[in-house]
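Just below is one structure, and these are the notes that go with it.
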Amino acid sequence: MAYPSKTFTTISDSAIDADSPIDVSLMTSFRDNDIHLKEWLGRDYSAEPNHSHDGVNSKSISGGETLLMDRDAMTISQSFVTVDTVMLYIPADLTALSYCARTKVELAGRADMRLKIGATDGTTVQGTPDSTVYAWYGPGTIDVSALSGWQAFEVQLSHSAGNYNAYIDKAVGRMT
């Protein structure tokens, strides 16, 4: 890249105050600064319209953690039960959502968690058997490659034995 043909000039506040005339020096500085910036950015540079990071008009922002659930829920069911629903925006170019959950059981058995959307079940995050203190487990994953836009995901919980309560108090996700 060739060095810009015009130098960039810092225009002082005193040159543009209400009492200063618009003179050749000021106008030359404006012109030269424009030429400098154009050459520095590249001769084929053209500004693009604003974009929304939706994966269509720009690369989506993936990898950030998202709080999916932050409240206590429980079940004694051995089948998965929806304990919460969360709305997530899925950019068109993402393929998976991985998630972890903080679960425990009342006395015995195992608290299992998964995400579900429509007929698609995510993989099961299995807690440790007989873990009566909240701890993080995971990750599980769910395929989101066919989705885009706002989507409602079900947070589901089950108990491996069904005799005691299974609890969940937090779930987090990460899009990739």
Side-chain angles (χ1 to χ4, degrees), residues 1 34 37-106 108-162 164-176:
M1 178 177 104
D34 286 346
L37 289 173
K38 182 179 180 187
E39 291 175 352
W40 181 66
L41 292 171
R43 75 177 165 90
D44 295 331
Y45 173 78
S46 63
E48 291 295 325
N50 291 336
H51 50 272
S52 62
H53 295 283
D54 64 359
V56 176
N57 63 12
S58 64
K59 184 166 175 52
S60 64
I61 300 171
S62 65
E65 288 78 25
T66 302
L67 183 62
L68 301 173
M69 180 178 171
D70 188 19
R71 68 174 192 84
D72 293 328
M74 63 168 220
T75 187
I76 61 169
S77 176
Q78 286 181 278
S79 300
F80 278 104
V81 175
T82 299
V83 294
D84 204 357
T85 302
V86 61
M87 292 295 293
L88 291 175
Y89 186 83
I90 307 297
D93 64 338
L94 295 184
T95 59
L97 172 62
S98 36
Y99 48 90
C100 296
R102 208 169 89 115
T103 62
K104 72 175 185 175
V105 293
E106 180 178 7
R110 187 183 67 235
D112 296 338
M113 175 268 185
R114 74 177 181 196
L115 290 182
K116 179 181 181 82
I117 184 162
T120 303
D121 296 333
T123 60
T124 300
V125 172
Q126 294 183 340
T128 301
D130 307 329
S131 177
T132 59
V133 176
Y134 277 114
W136 286 100
Y137 301 102
T141 59
I142 190 165
D143 181 7
V144 296
S145 60
L147 305 174
S148 66
W150 287 103
Q151 305 291 327
F153 289 83
E154 297 174 44
V155 178
Q156 296 189 323
L157 184 66
S158 71
H159 190 280
S160 62
Y164 301 100
N165 288 318
Y167 298 93
I168 183 172
D169 73 344
K170 290 188 181 6
V172 294
R174 181 182 191 115
M175 293 185 216
T176 56

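- Remark: the backbone N or O of Tyr167 is not paired with any side-chain donor or acceptor of His159 at under 3.5 angstrom.
- Smallest separation of non-hydrogen atoms from Ile90 and Leu147: CG2-O, 3.8 Å.
- Considering every non-hydrogen atom in both Ala73 and Val83, the closest pair reads CB-CB, 3.6 Å.
- Using a distance-only test at 3.5 Å, with no hydrogens or angles considered, no donor-acceptor pair links the side chain of Asp70 to the main chain of Lys170.
- Each of Leu157, Val172, Ile168, Leu115 was evaluated against Met69; a single residue qualifies, Ile168, per the side chain to side chain contact (heavy atoms under 4.5 Å, CB included) test.
- With Gln78 contributing its side chain and Ser160 its backbone, the two residues share a donor-acceptor pair below 3.5 Å.
- A donor-acceptor pair under 3.5 Å is absent between the side-chain atoms of Thr124 and the main chain of Gln126, judged by distance alone.
- Tested against Phe153 for a side chain to side chain contact (heavy atoms under 4.5 Å, CB included), the candidates Leu88, Leu68, Asp84, Thr82 yield a single pass: Leu88.
- The OG atom of Ser98 sits 9.0 Å away from the CD atom of Glu65 when rounded to the nearest 0.5 Å.
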Derivation and outcome, side chain to side chain contact (heavy atoms under 4.5 Å, CB included), residues Tyr137 and Met113: CA-CA 9 Å; Tyr137 301 102; Met113 175 268 185; over 6 Å; no
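- Expressed to the nearest 0.5 Å, how far CG of Leu97 lies from OG1 of Thr141 amounts to 8.5 Å.
- The shortest heavy-atom contact between Ala111 and Lys104 is CB-O, 3.5 Å.
- One finds the CG atom of Leu94 at 6.5 Å from the CE atom of Met175 (value rounded to the nearest 0.5 Å).
- The structure places CG of Asp121 at 4.0 Å from NZ of Lys116, a figure rounded to the nearest 0.5 Å.
- Annotation for Ala92 and Ser148: closest pair CA-CB, 3.9 Å, computed over non-hydrogen atoms.
- Judged by distance alone, the side chains of Glu154 and Thr85 never bring a donor and an acceptor atom under 3.5 Å apart.
- At least one side-chain heavy atom of Asp72 sits less than 4.5 Å from a side-chain heavy atom of Tyr134.
- The two residues Ile142 and Thr120 make their nearest non-hydrogen contact at CD1-O, 3.8 Å.
- Put simply, the side chain of Ser131 gets close to the backbone of Val133: a donor and an acceptor are under 3.5 Å apart.
- Using a 4.5 Å heavy-atom cutoff, the side chains of Ser158 and Ser79 are not in contact.
- For Tyr164 against Ile76, the heavy-atom pair with the smallest separation is O-CG2, 3.6 Å.
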Salt bridge (charged side-chain N to carboxylate O under 4.0 Å, His left out) between Arg114 and Asp112, intermediate numbers included: CA-CA 7 Å; Arg114 74 177 181 196; Asp112 296 338; over 6 Å; no
